[in-house]
Trainee: 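Would you mind keeping the following structure in view while I ask a few things?
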Amino acid sequence: GGAGRGFSGRGSCGSSRDSGFTGFWHNRRRRRRGASSSAKSTSEHTSRSNYSARCWMAQAESDLTLVHEQVHCAVDKNYALACFLAQQSVEKALKAALLASSCGLTQDSQLTHDVLNLARQLELNNEEELSAGLSEYVAIIADHYKSTRYPDAMGRCPFESFAEDEAHAALDAAEHVLAIIRQFMARHGLCRSSVV
């Protein structure tokens, strides 16, 4: 009786799918599927990160265009708005660069508006790839997130408080930061023109 059980697939020799000859091939196939799905998962994650980085950068470029319009073209110039948009442009460019870099964009970083902290994170992990002066340019617009919009941030109305020279300084700083980030993104194979 014992020999019969071994060949039936129900006895001690062939009782589970993971034993014997068929078990070897089943486990091998399962390991290969796991490895390929893991590689596919990593590839999909990288592809999503690259797409996100391009989107963040495209929005940063769009915001910078609006700063130009406010400073140079608008009939009713709003210098507080120009300074705010400069800050937004820099924030989004820094987030794009973090997404493109090896350190990535954490959830805390994605939610923050602290551009100096974002710049420090980027510099800390990518110092050799970044042009000098990134943090210095970022510092010029670092306070423009709140002060340009909320009267209680400065104790006066923002639209009456920002002057033309401050808007020009914010525009200049944003242009420098975006130029540095464009070079960084290009080194990582992410051109700003291709978002789709």
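Just so you know, residue 1 is the first one in the sequence shown, and it goes up from there.
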Trainee: Keeping the roles fixed (side chain from Q87, backbone from H144), state whether a donor-acceptor pair exists under 3.5 Å.
Mentor: no

Trainee: What closest approach, in Å, do A53 and A96 show between heavy atoms, and which atom pair accounts for it?
Mentor: O-CB, 3.3 Å

Trainee: Working to the nearest 0.5 angstrom, can you tell me the gap between I180 CD1 and M185 CE?
Mentor: 14.0 Å

Trainee: From L171 CG over to H176 NE2, what is the distance, rounded to the nearest 0.5 angstrom?
Mentor: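 Those atoms lie 10.5 Å apart.
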
Trainee: Any ring-ring contact (aromatic ring centres under 6.0 Å, His included) involving residues 86-108? Give me the pairs, sequence neighbours left out, ordered by first then second residue.
Mentor: none

Trainee: Where is the tightest heavy-atom contact between E123 and L134, given as atom of each residue plus distance?
Mentor: OE2-CB, 3.4 Å

Trainee: In chain order, what residues pass the side chain to side chain donor-acceptor pair (under 3.5 Å) check against E166, with sequence neighbours excluded?
Mentor: none

Trainee: Nearest heavy-atom pair of T148 and C83: which atoms, and what distance?
Mentor: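 Between these two residues, the closest heavy atoms are CG2-CB, 3.7 Å.
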
Trainee: For R120, check side-chain contact (heavy atoms from CB on, under 4.5 Å) against everything at least two apart and list the hits.
Mentor: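 R120 satisfies side-chain contact (heavy atoms from CB on, under 4.5 Å) with L116 once adjacent residues are dropped.
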
Trainee: Under the side chain to side chain donor-acceptor pair (under 3.5 Å) rule, collect the residues that match up with E136, sequence neighbours excluded.
Mentor: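 Side chain to side chain donor-acceptor pair (under 3.5 Å) list for E136, sorted by chain: empty.
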
Trainee: Please report the shortest heavy-atom distance between S147 and D143, naming the atom on each side.
Mentor: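 Of all heavy-atom pairs spanning S147 and D143, the closest is OG-O, 2.7 Å.
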
Trainee: What residues form a side-chain contact (heavy atoms from CB on, under 4.5 Å) with S62, not counting sequence neighbours?
Mentor: Q59

Trainee: Quick one: closest heavy-atom pair of V67 and A86, and the distance?
Mentor: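 V67 and A86 have their closest heavy atoms at CG2-N, 3.3 Å.
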
Trainee: Among residues two or more places apart or on two chains, list those pairs meeting ring-ring contact (aromatic ring centres under 6.0 Å, His included) that have a residue in residues 84-103.
Mentor: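 Counting only pairs at least two positions apart or across chains, no ring-ring contact (aromatic ring centres under 6.0 Å, His included) contact touches residues 84-103.
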
Trainee: Is there any salt bridge (Lys or Arg N to Asp or Glu O under 4.0 Å) pair reaching into residues 75-94, and which pairs are they, with sequence neighbours excluded?
Mentor: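 Pairs touching residues 75-94 that pass the test: D63-K92, E91-K95.
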
Trainee: Please report the closest heavy-atom contact between A169 and I140, naming both atoms and the distance.
Mentor: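 Heavy atoms of A169 and I140 come nearest at O-CG2, 4.0 Å.
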
Trainee: Suppose we screen for side chain to side chain donor-acceptor pair (under 3.5 Å). Which residues come up paired with H68, at least two apart in sequence or across chains?
Mentor: E175

Trainee: My understanding is that only residues two or more places apart in sequence, or in another chain, count here; which of them pass side-chain contact (heavy atoms from CB on, under 4.5 Å) with Q121?
Mentor: L98, S109, N117, L118

Trainee: Which residues satisfy the side chain to side chain donor-acceptor pair (under 3.5 Å) test with S161, sequence neighbours excluded?
Mentor: R156

Trainee: Going by side-chain contact (heavy atoms from CB on, under 4.5 Å), name the residues that satisfy it together with A93, two or more places apart in sequence or in a different chain.
Mentor: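 Expected list: M57, A60, L178, I181.
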
Trainee: Would you mind reporting whether L94 and W56 have side-chain heavy atoms less than 4.5 Å apart?
Mentor: no

Trainee: Show every ring-ring contact (aromatic ring centres under 6.0 Å, His included) that has at least one partner inside residues 105-125, sequence neighbours left out.
Mentor: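 ring-ring contact (aromatic ring centres under 6.0 Å, His included) check on residues 105-125 returns H113-Y145.
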
